[in-house]
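Only one structure is covered here, and it is reproduced in the block below.
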Amino acid sequence: MSRSPSPDREPLREFLSGDARELGPLLLGAVLSHDSREGRVSVRLTEVEAYLGPEDSLHPDPGSHTYRGPTPRNAPMFGPAGHLYVYFTYGMHHCTNIVCGPEGVASALLLRAGEIVEGAELARHRRPTSKNPADLASGPARLAKALGLTTAYSGRDALVPPFGLTLPDRPATQVSSGPRVGVSGAGGSEDYAWRFWLSGDPTVSRYKAAKPRPARQHLR
DNA sequence: CACGCGATTTGCT
DNA sequence: GCAAATCGCGTGT
């Protein structure tokens, strides 16, 4: 019997078991793939946003879905790193997270934008309203749509087929950071500059990208 | 059990 | 520049 070679994913999973705020910049440039019956779409991540759980009392995160503890919906965020947390919002949109932190700790990165590097045709089919290729995944709900992700995939392991995650050869050097988008209250303030994006990348979501500032300016 | 709102996108003004 | 579309979840009665 031929045994299909399966890559050792545990080093990557352990890497992802770190703090989402530190992993955010390091995941920029990583490629997430999803194979479906329709074909394969791969996205190179250009914008992510960190969310924490109730464990971190130093940084209460009322903007996080896990702020009030585990629920059936947010359960994957408390699970092992490298899994997906997909949620439904505004009655019509899906958004995708990659779970970070050790099991039991609700840390995750919301995938806010990316560049389609494989399966652009299928991505266009899933997002017919997008005319510009750079807009295929320039927003969290757009990215989820382009990858064909719904809540049905929440909790699935992003490191195992039909998914796949590959880190960039080298960490990105030109990274910007800023306040999170759509989060009200303290969690959205300047003190929580947990949104990271590749500086000047055309696929970064338009919403607040107009006023980019170097990550440096946020370090006191 | 009823109510209010959101980690958004799109299209029209 | 702004409002509509639409429903699961958390909160409060």
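Keep in mind that what you see is a predicted model, and the values were worked out from it rather than measured. Letters A, B, ... mirror the listed sequences (proteins, then strands); counts begin at 1.
Remark: P of B:dA7 and CZ of A:Arg112 are 11 Å apart, rounded to the nearest angstrom. One can place CE of A:Met77 at 15 Å from C1' of C:dC9, the figure rounded to the nearest angstrom. Distance A:Tyr87 OH to C:dG10 P: 14 Å, rounded to the nearest Å. Taking atom NZ of A:Lys131 as the reference point, atom C1' of B:dG11 lies 11 Å away to the nearest angstrom. Between A:Asn97 atom CG and B:dA7 atom C1' the separation is 8 Å, expressed in whole Å. The distance between atom CZ of A:Arg126 and atom P of B:dT9, rounded to the nearest whole Å, is 17 Å. Between the P atom of C:dC9 and the NE2 atom of A:His94 lies a distance of 12 Å, rounded to the nearest Å.
With distances taken from any side-chain atom of A:Thr129 to the nucleotides B:dT10, C:dC9, B:dT8, the minimum falls on B:dT10.
Judged by distance alone, the side chains of A:Thr46 and A:Glu115 never bring a donor and an acceptor atom under 3.5 Å apart. Between the side chains of A:Ser176 and A:Ser199, a donor-acceptor pair is found at a separation under 3.5 Å.
Minimum heavy-atom separation, A:Phe15 to A:Leu27: CE2-CD1, 4.1 Å.
Residues A:Tyr153 and A:His34 bring their aromatic ring centres within 6.0 Å.
At B:dT9, none of the side-chain N or O atoms of A:His93 fall inside 4.0 Å of OP1 or OP2 (strictly under the cut-off).
Applying the side-chain contact (heavy atoms from CB on, under 4.5 Å) rule to A:Ala120 yields the partners A:Ile116, A:Arg124; only residues at least two apart in sequence or on another chain are considered.
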Using a 3.5 Å limit on both pairing distances, list the dot-bracket string of DNA chain B from the 5' end; Watson-Crick and G-U wobble pairs count, crossing pairs take [ ], interstrand pairs take |.
||||||.|||||.

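Straight-line distance between the C1' atoms of B:dC5 and C:dA3: roughly 16 Å, to the nearest whole Å.
Annotation: the span from A:Arg142 atom CZ to A:Asp135 atom CG amounts to 5.5 Å, rounded to 0.5 Å.
For the pair A:Glu49 and A:Arg180, the salt-bridge criterion is not met [side-chain N within less than 4.0 Å of a carboxylate O].
B:dA7 has its base stacked against the ring of A:Tyr51, the centroids being under 5.5 angstrom apart at an interplanar angle below 30°.
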